[in-house]
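One structure below.
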Protein chains: 2
Amino acid sequence: MLSKNNLLNTILNNNIDFLEKNDQISKNIIIESINNGTMVLLGNINHKNVKPVLIGQPAKVKVNANIGTSPLICSHKEEMEKLQILEKAGADTYMDLSIGGDLDAIRKDMINSSSLPIGTVPLYAAAKHNADKGRTIEQLDFEEVFDEIEKQAEMGVDFMTIHTGITREAAAYAEKNRILGVVSRGGSMISRWILKNNKENPLFTEFDRIVKIAAKHNVTLSLGDSLRPGACADAGDYPQISEVSHLGIQAKYAFENGVQVMIEGPGHVSLDEVESQIKTIKKLTYNAPLYILGPLVIDNSPGYDHISGAIGAAAAVMAGADFLCYLTPAEHLTLPNKEDVYNGVMASKIAAMAGDTALKRKYALDMQNNMSKMRQKLDWQGMKEYALDKDIIDKRRESHKDKAECAMCGEFCSVKLQHNN
Amino acid sequence: MLSKNNLLNTILNNNIDFLEKNDQISKNIIIESINNGTMVLLGNINHKNVKPVLIGQPAKVKVNANIGTSPLICSHKEEMEKLQILEKAGADTYMDLSIGGDLDAIRKDMINSSSLPIGTVPLYAAAKHNADKGRTIEQLDFEEVFDEIEKQAEMGVDFMTIHTGITREAAAYAEKNRILGVVSRGGSMISRWILKNNKENPLFTEFDRIVKIAAKHNVTLSLGDSLRPGACADAGDYPQISEVSHLGIQAKYAFENGVQVMIEGPGHVSLDEVESQIKTIKKLTYNAPLYILGPLVIDNSPGYDHISGAIGAAAAVMAGADFLCYLTPAEHLTLPNKEDVYNGVMASKIAAMAGDTALKRKYALDMQNNMSKMRQKLDWQGMKEYALDKDIIDKRRESHKDKAECAMCGEFCSVKLQHNN
């Protein structure tokens, strides 16, 4: 049915040459993969300056960076600077997760300032407006959530996280049986609403309304994992798999109604369980593109969760994950600052490249081999062409930039020794 | 034969209670594993203040940090500061790889200043003294290498990298057929010597001399991987496997003569090849403890190689690797500074913990679960008990330390929402 989505076809046709070149895969593979729902093209028809992005193997694995204000650290200006930084670092998309300040103004500014596809969680805006009225989360009126989804779709948001799979039963089970209950920000809001009101999740029961809005603007739905594990011990349990099962059924319904869908994934997952997690999720969700947050392979690395996340993400890509949401050194501790944003993107780009290299994608192997050839020549300018961070080579070599070799080994450089053959 | 090593037995008996408690494994497993060569106890009888360390699964996976001067960045004082930093960060051992300044003075100072086991590469000192005399590497007199090994054993060095497995045939093949030839610093020296002099590697042909010195002081031999791949494309090729095969035969000879042995491993290895690499190496080397440098799963992450290395190391631990040599953000670019040393240790500790968690080691699971329980309580003091970096929590929370939640979500904290149940 996706082939009958006229908006999608327009955007696809307008960009197919660029996409083919950028992702180094054929038009036929792109079109076939989109039509069978294993690939999505991020690009809302209302986002005038968007440069659409393909998500779904065998397209290159992409990286998303989350920015946005929080109630405690709230600067419109600084978030706009983070947007510039994440673009410079090489993120493919970003999400505005603002929950402080003038949310509409921030979002509008971002959409106008960047050609990267933007994602949001419309629930956050609805929850903030609800809180601004002095109401608790269980007093949230879900009509305002649906209105927010529609408004943001009209503004040009390209993909939206919507927590459609969490049910009353699974939420209750999670809060009772897990070490860490419900750790998704949006998921915990809905969980609270469900359990306090003793009602089913309206985003679950009225999923068709969301599909209709998405179809109107070619918004890609990113079905949120409210019940993702927030502790390795909670991974793969009943609440998680229950939710994933619902997401799969919803994904199928969305495809059949001409709407593109991604699935969001864990979370905290021990490294030995990453492959089975990813394969189970992909299977249950009809191989829809999988958009993962981590997985963090340990729980006790606050301050360095971009590294724990990169370990899990690389393994997950090898098992089939398609799209990496970055984690920054600030995760679990505070809102990421500008340096965190840069380092988070870099760590995720390493994981994506590690995965694509492991999958023997030609573009990735070419990058590795060209880098190594430049290294063999001690050609530092050449290395900059292929390094994930082009600036860091000069920066770290500043004190000895006149030398052919690096300052670790100096005259005892192994490569230099071979040059003296 | 290791059970007949009296020095080893003395050190083992003097420390068995501490080791049992520290590694959370039984005395019987420790003794049996050491006797069959799958575990080593680092501790030279001449290193008076050493706190011996067990290497080899099921002992906890350990982390080594390399420090030491280079010809271009050479400060005895700063290397001593790095020693303090790596201890603070939680490294289990360190290697002094100095190749600039007064090597004996630096090494002596380090041995006296720290109770961590110290490793060295005696070839470096011999090569430096050779260069100081105005000689090229092919003029190196290997008698000076043997003398240096003996001298350093007497000084108390606990483990030594010795490049015993590289042969004339394999070196020639590597230099001719690889993208990146020989990238090990010591290995490239020997490769140059072999090929220029058209002679076999004396450390290969006279391995028994090294074993005799090691036996005298309970120095653990760390058989060096001169031919480790320096590019993902070079991994698993003939030179690498040829050398590993020799190291296995030498390991067996050393065991049979009462000497403890570790094997050094790659290098640059694509993530899909890490498991087979590690299993092949362990098999060919009679399951001697495997001490790995990375593996780096991509070639093009200069500035962030501690992350690429952590990805490979975590996967390698799951496949059987026992001991992680850290990589720092400075790798391939310059000598690590103090901040690099700290970050390098942290990245390796994450990889070790990820591996031990994946292997379901009780101590690791306890750390994860206790961390998650503290997180569920928003108990920041409690989290510090279980976090790999205890200082970073307060540091990152400084601006909002009076709040129960973190500044990423503020009042919308998912955990806090659940507290309002």
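Every chain is numbered from 1 and lettered A, B, ... according to where its sequence line falls, protein lines coming before strand lines.
Here B/Thr334 is the residue among B/Leu365, B/Ile307, B/Leu72, B/Thr334 with the most heavy-atom pairs under 4.5 Å with chain A. For the set B/Val297, B/Ile392, B/Leu333, the count of heavy-atom pairs under 4.5 angstrom toward chain A peaks at B/Leu333. Among B/Ser301, B/Ser270, B/Ala313, B/Ser399, the residue making the largest number of heavy-atom pairs under 4.5 Å with chain A is B/Ser270. Interface summary for chain B: among A/His306, A/Met367, A/Met383, A/Met189, the most heavy-atom pairs under 4.5 angstrom belong to A/Met189. If you tally non-hydrogen atom pairs under 4.5 Å between each of B/Val415, B/Thr69, B/Ile393, B/Ile137 and chain A, the highest count goes to B/Ile393. The residue among A/Ile73, A/Asn370, A/Ile99, A/Thr136 with the most heavy atom pairs within less than 4.5 Å of chain B is A/Ile99. Chain B forms the most heavy-atom pairs under 4.5 Å with one residue out of A/Gly187, A/Cys232, A/Gly181, A/Gly186, and that residue is A/Gly181. Your options are B/Gly303, B/Pro336, B/Cys409, B/Ala354, and the one with the most heavy-atom pairs under 4.5 Å with chain A is B/Cys409. Of the listed residues (B/Gly410, B/Ala358, B/Ala387), the greatest number of heavy-atom pairs within a distance under 4.5 Å of chain A belongs to B/Ala358. Most heavy-atom pairs under 4.5 Å with chain B, from the set A/Ala310, A/Gly68, A/Gly312, A/Ala315: that is A/Ala310. Interface summary for chain B: among A/Ser188, A/Ala407, A/Ala347, the most heavy-atom pairs under 4.5 angstrom belong to A/Ala407.
Using a 4.5 Å cut-off between heavy atoms, A/Lys403 touches chain B through its side chain atoms alone. Heavy atoms of A/Asp234 lying under 4.5 Å from chain B are absent altogether. Heavy atoms closer than 4.5 Å to chain B are found in both the backbone and the side chain of A/Met353. Neither the backbone nor the side chain of A/Ser191 comes within less than 4.5 Å of any heavy atom of chain B. Interface remark: B/Met371 contributes side-chain atoms only to the contact with chain A (heavy atom separation under 4.5 Å). Both the backbone and the side chain of A/Ala330 come within less than 4.5 Å of a heavy atom in chain B. Heavy atoms of B/Glu138 lying under 4.5 Å from chain A are absent altogether. Contacts between B/His332 and chain A at a heavy-atom distance below 4.5 Å involve backbone atoms as well as side-chain atoms.
Using a 4.0 Å cut-off between charged nitrogen and carboxylate oxygen, A/Arg396 and B/Asp340 count as a salt-bridge pair. With respect to the salt-bridge test (charged N to carboxylate O, under 4.0 angstrom), the residues B/Asp394 and B/Lys384 qualify.
A distance of 13.0 Å separates CG of A/Asp299 from OH of B/Tyr386, quoted to the nearest 0.5 Å.
Summarising the local packing, NZ of B/Lys401 is surrounded by 12 or fewer heavy atoms from other residues, nucleotides or ligands at distances under 6.0 Å. Residue A/Glu275 qualifies as open at atom CD: its count of foreign heavy atoms under 6.0 Å is 12 or below. Residue A/Lys360 qualifies as enclosed at atom NZ: its count of foreign heavy atoms under 6.0 Å is above 12. The environment of NZ in A/Lys395 is sparse: at most 12 heavy-atom neighbours from other residues, nucleotides or ligands sit within 6.0 Å.
Between B/Glu405 and B/Glu411 the shortest heavy-atom distance is OE2-N, 3.7 Å.
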Test side chain to side chain contact (heavy atoms under 4.5 Å, CB included) on A/Tyr124 and A/Leu97 and set out the steps. CA-CA 7 Å; A/Tyr124 293 171; A/Leu97 303 186; 4.0 Å; yes
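Remark: of the listed residues A/Gln368, A/Glu385, A/Arg375, A/Gln368 is the sole one forming a side-chain hydrogen bond (donor to acceptor under 3.5 Å, both in side chains) with B/Asn300.
Side chains of A/Asn66 and A/Tyr326: a donor-acceptor N/O pair is absent below 3.5 angstrom, by distance only.
Contact check for B/Leu296 versus B/Leu327: side-chain heavy atoms found under the 4.5 Å cut-off.
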